[in-house]
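Lettering follows sequence order; numbering is per chain, from 1. As the structure is a prediction and not an experimental result, all values here were calculated from the model.
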Amino acid sequence: MIDLPKTYEPQAVETKWYERWLELRCFTPDPASRKPAYSIVIPPPNVTGVLTLGHVLNNTIQDILARKARMEGREVLWLPGTDHAGIATQAVVEKTLKKQGLIRHRDDLGREAFLARVWEWKEKHGGIIIQQLKKLGASCDWSRERFTMDPAYSRCVQQVFVDLHRKGLIYRGRRMVNWDPAARTALSDEEVIMTEEQGSLWHLKYPLLDERNQPLADAFVIVATTRPETMLGDEAVAVNPADPRYQHLIGRHCLLPLQNRRIPVVADELVDPKFGTGCVKVTPAHDPADYEMAQRHRLPLTVVIGPDGVMTPAAGEDFVGLDRMEARKAVIEELETQGLLLKVEPYTHNVGYSERSHVPVEPYLSDQWFLRYPSIDASTAAVEQGQIRFYPDRWVKTYTHWMRNLKDWCISRQLWWGHRIPVWYRKPAGSSSEGGARHVEADPATAAIHVDVEPPPDPENWVQDPDVLDTWFSSWLWPFATMGWPESTPTLRKFYPTTDLVTGPDIIFFWVARMIMAGYEYLGDKPFAAVYFTGIIRDKLGRKMSKSLGNSPDPLDLIAQYGADALRFGIMRSAPLGQDVLYDELHVELGRNFCNKLWNACRFRQLQGGSPEAEIDPALLTVDDKWLLLKLDRAIREISSAFAEYRFTEVTQTLHRFFWNEYCDWYIETSKAVFQGDNPARKANTLAVIDFVLSHMLRLFHPFLPFITEELWHGLDYQLELPDAQGGQTIMFAPWPKPLGDTFKLHYGLDESDERLVDARCALIGRGRNLRREFNIPANRKVTFVIRPTGGMSPHDVEVLRLLLNADAVNLDPAYAPPQGTPSALSELGELFMPLAGLLDVAAERARLTKELAKVQIEIDRVQVKLDNPAFVQKVPPAVLEDHQKRLADARAKQGQLQAALDALGNP
RNA sequence: GCGCGCUUAGCUCAGUGGAAGAGCACUUCCUUCACACGGAAGGGGCCGCAGGUUCAAGUCCUGCAGCGCGCACCA
C-alpha cells in the first residue's frame, strides 16, 4: 500500500492508467468469447475536427455504458473511428491552399493532385481527435479504429450503391436541387437550414401588352417578390384560374422589364389568390414551384444565376458577372428608375441556408443521383413498436413523421473528396481520351452505362461519373461496414446488432434513421437496440457553443487544469435526460472537488492502518454499520433503476448523496467513535465494513471516474486476492455491485429498525447543533449536553453523540431537572438539554421556543382542516387517514412539550 | 400554419394524486488529528396565468401566455 498524498493530483495518475489499460488490452474484446456481447459504434467525428464539449458529453456517456457493461461481465466492443466529412474537409484544405498562395481554385491542381493534398492533410491532422478521446479516458477498441475512406469501407459503400441501383432504388435525374453556391455542390434537403429573416416584399409593375404587342400606357400586372433579381429569368406571370379579378388577363402577355421580353399570363392552381397581389412571377430555372408550373405550361428555362451564384450572360449585359446579392440591388435600382417599382413592404420570411457554407441555398436545376429509401416499413415499425427504443422517447414522433414523408435523397455531390460514384459512361466511338470538361466525352443521358464496383474492362472507352457520394451515404453503413461487412466476420457475428447508440437529436434524419434503413436492408436486422439522444451543450447564458462567440472552452485545457474525471463528472452531473446542458466551468471545478473528497475519504481509511479485512463479523456490527449497509443497498438499487432508463444525472445524484452525505458526513464521523476507542476487535470490524463499502463504492463510481477509482482500487489494495479477470488486474473488470439481497441482510442482521434508530439519532444531533448555533456557541467550543432519554441508549450511541455534538460530555439523566432557561430540544430519542452555566439567556430561549411553537401550530392547523372535512374522512384510503391522525397526535404532543418548556421559563 | 418540448428557491434542475426537494450560490460560525477542493447551522418558493375534475392538484383535463426546437414550395 502506497501512501496517498493529501490532495489528488490527476495528471500522472491518468497517463499511467491509460497506458496500463492499453498494455493489458482491456479495450479489445474477443469475438470468440462466450460472454454476452455489448457493443457501441462511435458517432464518427470529422477526421480533421478537434474535441468539443459536445464530444466530451457524448463520449463520456458511451464510455460509462461500455465500462459498466464490462463490469457486468459482458464482452464489450466500443468501436471508434472518423468520418471523411466531404464538404467540410475539402473546404478546409482548399482554403488553406489558397491562403498559402498555392492555388486560386482547386481546378489549378486537378483532381488527382488535389486529392493527394487532402490525404496529406488527413495524415497530418486526422489523429488529433483520437488522441483527445484517449485523454478523456475513452475505452474504445483502437485496434478496430475505422475511417470512412478506408479501402474496405469504400468498397462497401460502392457495393451498396451498385446494389441499390440494380434494385432500381438509385436513379439519375434532372431536378431542381438545393445548390450551395459557395461549395458549388448539390445538397440534400436535410442540409438546408431554414432561417427566419426580415426581408422585403417588392411589388413590381410588368406592363401589359395589347394585341399588337405594344405596352399599354397605364395597364400593369403587379407581382410581388422577395427575390427581385430572379425576375431577369421570368417566363410568365401566373394567376389562379378561379380568381375573378384576373380572368381578363389569362392568355394575354406582358412585357418583362429590363429584358424587354414578351411573357404570357398563365392560369395555375398553385397560385394563392389571397397572398400578395394574387399574381406570381414565374422563374422556372430558379424556383422549385415555378419549375413545376413551367412544366405544366411548357415554358422555357432561362438560367440567369450560375452555379457560383454569379449572374450569367442570360441576365443581360447590365447584370452579367454580378453576384446575386449585388444583382438584387442593381435590379431594384433600375426598376425604380423606370418607375416600375410600385412599393416595398417589410416582410418576414424563411430563407434556406447551407448547413456547411452558411450561404443562402440556390434552387438549381441539374443532373443528380437520387435514392428512393429502402426498408421503410420495417424501419418505421421497429421504432414505433419498440424493437428500437429512443431515450427520451418523444423523438419517436419526430422520427415517424419524417419516415412517413420521405422524399428521395439527393446523394451526388460535386466534390472531389469522397467516394466516387461507381458509374461509367461509354464514350462515343472515335472520341479522344484526353481529359477535359465533365460530360463532354460521353452524354450521360444517352450513353451506355457501367455500374459496378469494378471499372469496365476497357477503361479507355469509358469515362467515370465525376461526382462523389454524400458523406452520409457512407455513414449510414457505419454499424456494419466497420465490422467487415459484406464478409461475415467474427466481429460482425458477435457484435451486430449493436446495443446502444449515443448521439444528438440534430442528426436523427441524417444518420439515425438512415442507419436503421441500411441495417434492415443489408443485415435484415436493426443496427442498435437503443438510441440515447444527448442535449446540446450551451454556455451558461443558453447560447450555443461557437468559435465566433469564443464561448467554447478547449476540453484539453479543462482536463489539464482539473483532470479528466472532474470534467466527466461535472458534465454528467449537469446533463439531464432530454434537455440541453448549460455548461459552466464551475461544474468542472465541482467535479474536481468531488474527486478530492473521494480521494480523502479513501485516505481516511488508509490512515486507520491495517490490511484490507475480508470478513465482517455480524456479531460486532454497530447500528451505524448496519445503517450504512442498508444505505448502500438502497443506493445500489436506485442506481440500477436509473441506469435502466439511462437517467445518468440521477445516478450521479445518488452517488453524490450516498458518498458525500451518508458515507462521509455521517458514517465516517460515527466511525471515529470506534477508532478513538480501545476495542481492537471492533476497530477491525469497522475497517472490514469500510472496505466492503468502499470497494463497492469505487466500482459504482468507476464508469464515471475511471482514473481515480483505478488508482484508489490499487491504493487500498482491493485488487489483492481477486482473480485477474475479476478486478485483480484492474477495477475495469471488477463485478458490478448488486443489491445486497435478503440472505445477506439476514446474515448480518440488517433491519429497518436500525436504520430508523440512526436516522433518529442524526435528527437529535441536528437539534443539538442547532442549539449551539442559536446560542452562539462557537463551533470549536466544547459544551456539555444532558439527555432525558425516552428509552435505552448504548454507550456507543452516547459516544457518537458526544463526538458529533462536539461535547465534552453527554450525560443521560432520566430525572434531569434543568435550571430555568436551559435551552432544550425535542427528539424521538429523548429531550436534549444544553445547560449553559452562567450563560443562560432566558429571553433567547423563550424566543426560540415560541418560534418552534408557531411551526407546530401551522402543522396542526393544516392537518386539522383535512380531518375536519367529513368527505375526507369518508373517502380517503385508511392508510392515508391513519397517517394524518398520527401526524396530528405527534404535533400535539410536541406542542405540549414545547409549551411546558416555555412555561418553565417563567413569565417574561 | 402543424407538431414537440420547457415554465417549481437567486441559478441549474428532481419531483407522475396524499406533509414543497437536491446541488450550487447566499448568511453566520469553525483551520477539531480524511478533506478549507473542507465541516456545521440557517435564510429563501401564490410550483407561468385562468378555469375544471377530485375528499385532496406542482402532479390529471381544457384554455391562455412566454421561451426554445423541429417540420412545411404562400411568391
Using Watson-Crick or G-U wobble geometry with both distances below 3.5 Å, tell me the partner of [N], or none.
N: U62(B); value: A50(B)
N: A40(B); value: U28(B)
N: G70(B); value: C2(B)
N: A20(B); value: none

For a quick check of understanding: with a heavy-atom distance under 4.0 Å over all strands, which category does [X] fall into, base, sugar-phosphate or nothing?
X: Lys886(A); answer: nothing
X: Cys595(A); answer: nothing
X: Tyr562(A); answer: nothing
X: Ser574(A); answer: nothing
X: Arg772(A); answer: nothing
X: Thr7(A); answer: base
X: Arg573(A); answer: sugar-phosphate
X: Arg887(A); answer: base
X: Trp660(A); answer: sugar-phosphate
X: Lys397(A); answer: sugar-phosphate
X: Asp272(A); answer: base
X: Ile508(A); answer: nothing
X: Asn350(A); answer: base

Toward the 5' end of RNA chain B, by each residue's nearest nucleotide, Glu589(A) or Val192(A):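 By nearest-heavy-atom nucleotide position, the 5'-most residue is Glu589(A).
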
Glu774(A) vs Lys6(A), nearer the 5' end of RNA chain B by closest nucleotide: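 Looking at RNA chain B, the more 5' nearest nucleotide goes with Lys6(A).
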
Spacing between Phe659(A) atom CZ and C35(B) atom C1', to the nearest angstrom: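 The answer, rounded to whole Å, is 9 Å.
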
N or O in side chain of Arg647(A) less than 4.0 angstrom from C13(B) OP1/OP2: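 Looking at the OP1 and OP2 atoms of C13(B), neither is under 4.0 Å from any side-chain N or O of Arg647(A).
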
Residue-phosphate contact under 4.0 Å: Tyr8(A) side-chain N/O, C35(B) OP1/OP2: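 Indeed not, no polar side-chain atom of Tyr8(A) lies that close.
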
Can you give the donor-acceptor pairs under 3.5 Å from side chains of residues 400-409 of chain A to other protein atoms, not counting sequence neighbours?
from, atom 1, to, atom 2, distance (Å)
Thr400(A), OG1, Val396(A), O, 3.1
Thr400(A), OG1, Lys397(A), O, 3.2
Trp402(A), NE1, Glu190(A), OE2, 3.3
Arg404(A), NH1, Glu384(A), OE2, 3.3
Arg404(A), NH2, Glu384(A), OE1, 3.1
Arg404(A), NH2, Glu384(A), OE2, 2.9
Asn405(A), ND2, His401(A), O, 2.7
Asp408(A), OD2, Tyr171(A), OH, 2.6
Trp409(A), NE1, Asp470(A), OD2, 3.1

CA sep, side-chain torsions, deciding dist, call: Asn770(A), Arg767(A), side chain to side chain donor-acceptor pair (under 3.5 Å): CA-CA 5 Å; Asn770(A) 176 257; Arg767(A) 305 300 296 166; 5.2 Å; no

Aromatic plane relationship, Phe659(A) with Tyr663(A) - under 30° parallel, 30 to 60° tilted, over 60° perpendicular: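 Ring orientation, 0 to 90° scale: parallel.
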
Tyr206(A) versus Asp234(A), side-chain donor and acceptor atoms under 3.5 Å: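 The answer is yes; a qualifying pair exists.
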
Donor on one side chain, acceptor on other, Asp189(A) and Asn178(A), under 3.5 Å: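 Looking only at side-chain atoms, Asn178(A) and Asp189(A) do form a donor-acceptor pair, the distance falling under 3.5 Å.
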
From A34(B), A40(B), G38(B), nucleotide with atom closest to Arg769(A) side chain: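 The answer is A40(B), which lies nearest to the side chain.
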
